[in-house]
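Taking it in order: structure first as structure tokens, then the write-up.
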Amino acid sequence: MTTIPGLRTTLAGRRALVTGSTSGIGRSIATALAREGATVVVTGRHQEGGAAVVHTIRTAGGAGHFVRADLAEGGRAATRLAQEAATAAGGPIDLLVNNAALLIPAQSLTDVDEQLADLALAVNVKAPVLLTAALAPAMAQAGGGAVVNVGSISGAVGAAVSALYGATKAALHSLTASWAAELAPQGIRVNAVLPGPTMTDENAAFHDMLHKYTATTPAGRPGTAADIADAVVFLAGDRASHIHGVTLPVDGGYLATR
Ligand SMILES: NC(=O)c1ccc[n+]([C@@H]2O[C@H](COP(=O)([O-])OP(=O)(O)OC[C@H]3O[C@@H](n4cnc5c(N)ncnc54)[C@H](OP(=O)(O)O)[C@@H]3O)[C@@H](O)[C@H]2O)c1
């Protein structure tokens with residue numbers, strides 16, 4: 001079980017929604033935000049995983065709630081999630097982390113059929129658009145907030161086997177910059193983190209491969225879910241108040257030195 005040593009208060013009073021927080025990087029982001037004092041709404045399709053994350057948060061003295069949602073279902077699901085998250089958190093969400101994604105296994109152009117293309121665009125692009133649109137008005141009315149998108153280095157470089165996935169992440173990077181301009185007048189800061197190869201409990205079978213892949217980067221190792229969560233916590237908090245519209249690689253220097 002993940003633990004949350006030393007509850008802090010840098011995000012006390014904030015209400016966060018972290019998509020895709022039933023596992024992997026999202027789970028670490030949710031527990032890290034809770035450790036900083038935020039009330040965190042955990043969401044995903046899997047009730048069991050969500051309940052375990054909420055249990056971890058509450059056991060450590062934090063505040064967490066689970067709301068089930070399938071982000072592939074489109075507009076109504078996004079609207080329902082926005083409403084149910086605010087109800088669960090006890091007020092307007094003022095911190096949204098768009099983390100959920102369809103991680104597509106290596107695929108060439110001819111492997112991509114219409115169903116896969118639709119699903120990737122629905123979960124990785126359409127859902128963040130609809131969810132951010134659903135939450136922004138109440139966030140603005142409550143005095144502002146922050147959105148942190150979880151992109152990927154795959155959206156910043158070309159790779160022969162990840163064109164579709166990379167394109168969805170490049171779209172999210174573009175949305176980050178545009179939303180930073182559009183939502184700043186409403187007091188909402190928008191930024192993104194771009195993980196490089198990152199180890200999670202769920203991809204343990206690939207950790208050796210991730211180590212080989214990152215051996216020649218400045219960091220010389222893959223990222224951890226906690227590395228990504230630390231960057232999200234920073235961008236979400238007041239110490240990042242002058243940071244708008246950045247796409248911050250958290251990749252051990254991969255992009256800078258490739
Ligand atoms: N791991 C890496 O090396 C890496 C590198 C670069 C970028 N990233 C990015 O980091 C983020 C997290 O990746 P991860 O490695 O933690 O992946 P993961 O373990 O597969 O987690 C993905 C999360 O997204 C949720 N999700 C997927 N489809 C969904 C749907 N239709 N509706 C609602 N939720 C859905 C899953 O929840 P349910 O299963 O409960 O629905 C899960 O919690 C993603 O945005 C990914 O693109 C990861």
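Atoms within a ligand are numbered from 1 in the order they appear, just like the ligands themselves.
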Counting only heavy atoms closer than 4.0 Å, does ligand 1 sit against the backbone of [X], its side chain, both, or neither?
X    : answer
A101 : both
V123 : side chain
L103 : side chain
K169 : side chain

Q: Count the heavy atoms belonging to other residues, nucleotides or ligands that lie under 6.0 Å from CG of D208, then report whether that count exceeds 12.
A: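 Result for CG/D208: open.
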Q: Assess whether atom CD of Q141 is packed by more than 12 heavy atoms of other residues, nucleotides or ligands within 6.0 Å.
A: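 Result for CD/Q141: open.
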Q. Between T168 and L172, does a side chain to side chain contact (heavy atoms under 4.5 Å, CB included) hold up when you go through it step by step?
A. CA-CA 6 Å; T168 66; L172 195 56; over 6 Å; no
Q) Which of these passes side chain to side chain donor-acceptor pair (under 3.5 Å) with T10: R35, R239, E36? A)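 Testing each of R35, R239, E36 against T10, the sole residue satisfying side chain to side chain donor-acceptor pair (under 3.5 Å) is E36.
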Please determine, by modelled atom types, if [X] and [Y] share a side-chain donor-acceptor pair under 3.5 angstrom.
X   : Y    : result
S21 : N99  : no
T19 : N98  : no
S23 : E202 : no

Q) What's the spacing between I57 CD1 and R27 CZ if we round to 0.5 Å? A)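 Result: 11.0 Å between the selected atoms.
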Using heavy atoms and a 4.0 Å limit, tell me yes or no: is [X] in contact with ligand 1?
X    : value
A225 : no
G49  : no
G223 : no
L102 : no

Check ligand 1 against [X] and write out every atom of the ligand that is under 4.0 Å from a heavy-atom position of the residue.
X    : result
A69  : 32 (N), 33 (C)
P197 : 3 (O)
G151 : 7 (C), 9 (C)
A72  : 31 (N)
S23  : 18 (P), 19 (O), 21 (O), 42 (C), 43 (O)
V150 : 9 (C), 10 (O), 11 (C), 45 (O)

Nearest-contact summary for [atom] - protein heavy atom, Å:
atom                    : answer
atom 5 (C) of ligand 1  : G196 O, 3.2 Å
atom 28 (N) of ligand 1 : R45 NH2, 3.4 Å
atom 3 (O) of ligand 1  : T198 N, 2.9 Å
atom 25 (C) of ligand 1 : G20 CA, 3.5 Å
atom 36 (C) of ligand 1 : T22 OG1, 4.0 Å
atom 12 (C) of ligand 1 : N99 OD1, 3.3 Å
atom 47 (O) of ligand 1 : Y165 OH, 2.5 Å
atom 48 (C) of ligand 1 : I25 CD1, 3.7 Å

Under-4.0 Å salt bridge between [X] and [Y]:
X    : Y    : value
D238 : R189 : no
D94  : R15  : no
E73  : R80  : yes

Q) Looking only at heavy atoms, which two atoms of H46 and F66 are closest? And how far apart? A)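 In this case the closest contact between H46 and F66 is O-CZ, 3.8 Å.
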May I ask you to check if ligand 1 and [X] share an N or O to N or O distance below 3.5 Å?
X    : result
T200 : no
S152 : no
L71  : yes
A100 : no
H46  : yes
G44  : no

[X] and [Y]: same hydrophobic cluster, using ILVMFWY side-chain contacts below 4.5 Å?
X    : Y    : answer
L33  : L235 : yes
Y254 : L248 : no
L130 : L17  : no
V18  : I25  : yes

